[in-house]
Amino acid sequence: MPPCLYDPVHDEEAPVVYADPMARFTVAPEARRLAALRCPVGHDLHSTVTTGGDGFSLCAHVRVRWLTDDQVRVSVACWAVSTDFARYVGGRPPTDGEYRLAPDGTARPDEGFTERVTDRLAACLNALDAPHPERDGHLAITVPAAELVPAG
């Protein structure tokens, strides 16, 4: 994939400008939505969410697994997709696969961006542990269920 003119993920300001809003306004609400579906302990629910910018889309694969009645593991993998106008003019618009992780798509997690988003998500959701890697490029945190699903 040709590089876009502006790379939001690797910009010096990206940790502040993109990671925090991505965690708070895109990933956290999706984790809450998935947790509210309350699948059995040990089973995963997952989805991919995106937020757009000028010439790029930021994507996150969010996976939720109930560990116990009061703890939930939230796993996240993030990446960027260039949607720069030059890609369209050059005849290489983004494909659907760029918005999905393998094996369903062609996207690969961006380790640095995933780390920044997950660090902020951990703070936002009062995680019980620090982000730790999973085998598939996701970073996982354990969150009190009360942070995701209101009591009642």
Side-chain angles (χ1 to χ4, degrees), residues 1 4 6-84 94-152:
M1 167 172 54
C4 62
Y6 175 66
D7 184 354
V9 175
H10 296 101
D11 184 304
E12 289 283 327
E13 297 297 314
V16 175
V17 176
Y18 297 108
D20 185 62
M22 183 72 170
R24 292 189 312 138
F25 303 119
T26 304
V27 177
E30 186 61 9
R32 288 183 180 105
R33 186 188 75 78
L34 292 171
L37 296 175
R38 190 64 199 235
C39 68
V41 169
H43 289 80
D44 293 338
L45 290 173
H46 62 91
S47 68
T48 299
V49 291
T50 62
T51 187
D54 189 21
F56 62 91
S57 290
L58 301 176
C59 305
H61 186 257
V62 181
R63 187 168 52 219
V64 170
R65 175 183 282 234
W66 283 84
L67 301 174
T68 65
D69 285 337
D70 61 349
Q71 292 184 359
V72 179
R73 179 187 306 137
V74 178
S75 305
V76 179
C78 300
W79 66 98
V81 176
S82 170
T83 57
D84 189 274
T95 65
D96 288 343
E98 291 178 63
Y99 291 91
R100 293 187 312 274
L101 290 177
D104 300 320
T106 59
R108 291 194 174 134
D110 180 295
E111 186 176 315
F113 187 50
T114 298
E115 183 178 330
R116 292 189 298 270
V117 170
T118 308
D119 283 345
R120 282 164 177 72
L121 184 67
C124 174
L125 298 178
N126 296 311
L128 301 171
D129 55 5
H132 54 278
E134 294 191 323
R135 288 181 286 216
D136 60 358
H138 287 64
L139 288 178
I141 54 175
T142 304
V143 177
E147 292 291 334
L148 296 172
V149 181

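Quick caveat, the model's predicted, so the values are computed rather than measured.
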Just so I know, are the side chains of [X] and [Y] near enough to count as touching, which here means a heavy-atom distance under 4.5 Å?
X: Glu115; Y: Thr118; answer: no
X: Trp66; Y: Val149; answer: yes
X: Val143; Y: Leu148; answer: yes
X: Val49; Y: Val62; answer: yes

Nearest non-hydrogen partners of [X] and [Y], listed with the distance:
X: Cys124; Y: Glu147; value: O-OE1, 4.4 Å
X: Leu125; Y: Ala28; value: CD2-CB, 4.3 Å
X: Val27; Y: Val117; value: CG2-CG1, 4.1 Å
X: Thr83; Y: Ser57; value: CG2-OG, 3.8 Å
X: Pro109; Y: Asp136; value: CG-O, 4.2 Å
X: Tyr99; Y: Cys59; value: CD2-SG, 3.7 Å

>> Surrounding CD of Glu134 (heavy atoms of other residues, nucleotides or ligands, distance under 6.0 Å), is the total greater than 12?
In response: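 More than 12 heavy atoms, drawn from other residues, nucleotides or ligands, come within 6.0 Å of this atom.
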In Å and rounded to the nearest 0.5 Å, what is the [atom1] to [atom2] distance from [X] to [Y]?
X: Arg24; Y: Asp20; atom1: CZ; atom2: CG; result: 4.5 Å
X: Arg38; Y: Leu45; atom1: CZ; atom2: CG; result: 11.0 Å
X: Leu128; Y: Asp70; atom1: CG; atom2: CG; result: 8.5 Å
X: Leu34; Y: Cys39; atom1: CG; atom2: SG; result: 9.0 Å
X: Cys78; Y: Arg116; atom1: SG; atom2: CZ; result: 9.5 Å
X: Leu121; Y: Leu139; atom1: CG; atom2: CG; result: 10.5 Å

> Where the side chain of Glu98 meets the backbone of Thr95, is there a donor-acceptor pair that is under 3.5 Å apart?
Replying inline: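 At least one qualifying donor-acceptor pair exists.
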> Is the backbone N or O of Leu58 less than 3.5 Å from a side-chain atom of Thr50, with the two atoms forming a donor-acceptor pair by type?
Replying inline: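 Looks like no, no N/O pair under 3.5 Å.
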> Should the pair Arg108 and Trp79 be classed as cation-pi, given the thresholds of under 6.0 Å to the six-membered ring centre and 45° from the axis?
Replying inline: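 No, Arg108 does not sit over the ring of Trp79.
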> How far apart are the C-alpha atoms of Thr114 and Glu111, what are their side-chain angles, what is the distance that settles it, and do they pass the side-chain contact (heavy atoms from CB on, under 4.5 Å) test?
Replying inline: CA-CA 5 Å; Thr114 298; Glu111 186 176 315; 5.8 Å; no
>> Consider side chain to side chain contact (heavy atoms under 4.5 Å, CB included). Of Asn126, Val74, Val76, which one does Ile141 pass it with?
In response: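 The option that passes is Val74.
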> Of Arg63, His61, His138, Arg65, which meets side chain to side chain donor-acceptor pair (under 3.5 Å) against His46?
Replying inline: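 Running side chain to side chain donor-acceptor pair (under 3.5 Å) over Arg63, His61, His138, Arg65 with His46 returns exactly one hit, His61.
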> Where do Thr142 and Leu67 land on the side-chain contact (heavy atoms from CB on, under 4.5 Å) test, with the steps shown first?
Replying inline: CA-CA 9 Å; Thr142 304; Leu67 301 174; 3.9 Å; yes
